[in-house]
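Written below as structure tokens is the structure these notes are about.
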Amino acid sequence: MSVSVAAGIPSPSQSVWYLGSVPLRAYGIIIAVGMVIGVWWTARRYVARGGNADTIYDVALWAIPFGVVGARLYHVVTSPEAYFGPGGDPVLALQIWRGGLGIWGGVAFGALGAFIAVRRARVAFGPIADSLAPALLVAQAIGRWGNWFNQELFGGPTTVPWGLQIDAAHMPIGYAAGTLFHPTFLYESLWNLVGAALIVWLERRRRFAAGQLFGMYLMIYTAGRSWIEMMRIDDAHTVLGLRLNVWTSLVVFAVGLALYLVAGRLGRPREVVCVGQPAEDAGATTSDIEESEDTQLPEEASMRDGAGVENRCEADSEAERECP
């Protein structure tokens, strides 16, 4: 099948530049930019909750390497043919600059790295996860543009004005030159940005318990990923007629919903509390929160004076890590 037209979004003609003999790959640069912006915004949000920005940077030093390794492992395990199948090359599994990072492995392993860092810092995990929620969506929105440079993971043929042009070297077999394809990288990027804006908008209008925003992130992302994944035409394993990533999205959506509901019932404070510090000592009980939500924005609430207790958990020394 082919749909040949002369308009559409052009794909980049180059994805690698050289600084002397050192290759600068667009895919890696874009992923790095997304990570930097995500960590920066997460730190700002965490400080607004009474935390220390250095805690987020320490967490990032654990979460990012774990996340990259996990993302690559998920991709290799779910698409092993290019690496271990007939004519495959196992060495390619190490070449992440060619593309191939599975978000599910990245989130799972990244969360493991973050958990280790949080335990070391002796702070609660919930406020960190909620600080990360919209920032992670923005980081993923930026990272998707790496697929544009690599001319990969696009959707089926289309005649819409924003169809994606693919050059001959990346054209799928069976499609004529000039065929346009759905730019699924663009759809997912826009979906993630809208999701991030929605989380921030909702957070400014009502009070959520610790962990609920991260559950919301899981639901928003997977809701979009499900329908976008079904548009793609790249090779993928299927189960009962659906691509494996669609099933994974449905499972993760259910996990996000469960997290949202359970976190809401637990009602833990969204402000930063040291591990072992009673919530009531942090001046962040549910009743206190509800009384203050009408007059304060969520990111200002952690700075209120009425509680008479400092919620900030500094992480500059072992003495400051310990709870009173």
Side-chain angles (χ1 to χ4, degrees), residues 6-40 60 64-85 87-106 109-110 136 138-155 157 162-190 192-193 228-229 231-236 245:
I9 301 172
S11 290
S13 59
Q14 187 175 359
S15 61
V16 183
W17 300 267
Y18 286 88
L19 187 61
S21 60
V22 178
L24 301 177
R25 302 181 186 277
Y27 186 85
I29 293 172
I30 289 173
I31 294 294
V33 169
M35 289 179 178
V36 169
I37 292 177
V39 170
W40 170 79
I64 290 177
F66 270 67
V68 171
V69 171
R72 188 58 174 178
L73 283 175
Y74 182 89
H75 168 74
V76 172
V77 169
T78 57
S79 305
E81 292 81 7
Y83 312 103
F84 308 106
D89 184 358
V91 175
L92 294 177
L94 303 176
Q95 300 179 7
I96 63 174
W97 55 85
R98 294 178 178 270
L101 295 175
I103 183 61
W104 311 121
F109 274 65
L136 186 54
V138 170
Q140 290 173 237
I142 295 171
R144 272 302 170 194
W145 286 82
N147 300 138
W148 180 52
F149 275 92
N150 282 357
Q151 299 192 50
E152 61 182 0
L153 308 184
F154 41 81
W162 57 87
L164 181 66
Q165 299 176 15
I166 299 296
D167 62 31
H170 298 86
M171 182 68 66
I173 297 175
Y175 293 94
T179 300
L180 299 184
F181 299 88
H182 279 289
T184 50
F185 81 92
L186 179 61
Y187 298 162
E188 188 168 329
S189 182
L190 293 175
N192 290 346
L193 291 176
I228 293 171
E229 181 73 24
M231 297 180 68
R232 285 169 35 176
I233 59 173
D234 53 293
D235 292 335
N245 280 335

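Nothing fancy with the numbering, it's 1 onward along the sequence. We use all heavy atoms of the structure for the numbers below, so side chains are in, but hydrogens, waters and symmetry mates are not.
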According to the salt bridge (Lys or Arg N to Asp or Glu O under 4.0 Å) rule, which pairs have a member within residues 177-188, sequence neighbours left out?
Arg144-Glu188

Would you check, one step at a time, whether the test side chain to side chain contact (heavy atoms under 4.5 Å, CB included) holds for Ile31 with Val68?
CA-CA 10 Å; Ile31 294 294; Val68 171; 5.9 Å; no

To the nearest 0.5 Å, how far apart are CG in Asn150 and OH in Tyr27?
7.0 Å

Check: Asn245 and Tyr74 side chains under 4.5 Å, non-hydrogen atoms
yes

Passing option when Pro172 is tested against Ile233, Asp235, Asp234 for side chain to side chain contact (heavy atoms under 4.5 Å, CB included)
Ile233

Between Ser11 and Ile166 the two heavy atoms that sit nearest each other are OG-CD1, 3.8 Å

Kindly give the heavy-atom pair with the smallest separation between Pro183 and Ile9, and that separation in Å.
CG-CD1, 4.4 Å

Partners of Phe181 by ring pair (Phe, Tyr, Trp, His ring centres under 6.0 Å), sequence neighbours excluded?
Phe154, Tyr175

Ala141 and Ser189 have their tightest heavy-atom pair at O-OG, 2.9 Å

Please round to the nearest 0.5 Å and tell me the distance separating atom CD of Gln165 and atom NE2 of His170.
14.5 Å

Looking at Glu152 and Asn147, what are the two nearest heavy atoms and their distance?
OE2-ND2, 2.8 Å

So does Leu153 get a backbone contact from the side chain of Thr184, meaning a donor-acceptor N/O pair under 3.5 Å?
yes

Using a 6.0 Å cut-off, check whether atom CH2 of Trp17 has over 12 heavy atoms from anything other than its own residue.
yes

Give me the atom names and distance for the closest heavy-atom approach of Leu193 to Val138.
CD2-CG2, 4.3 Å

Atom pair CD (Gln14) and CZ (Arg25), whose distance is rounded to the nearest 0.5 Å
11.5 Å

Drop me the distance from Phe149's CZ to Phe185's CZ, to the nearest 0.5 angstrom.
9.5 Å

So, do Leu164 and His182 sit near enough that their side-chain heavy atoms are less than 4.5 Å apart?
no

Compare every heavy atom of Phe109 with every heavy atom of Gly70, then report the nearest pair and how far apart it is.
CA-CG, 3.5 Å

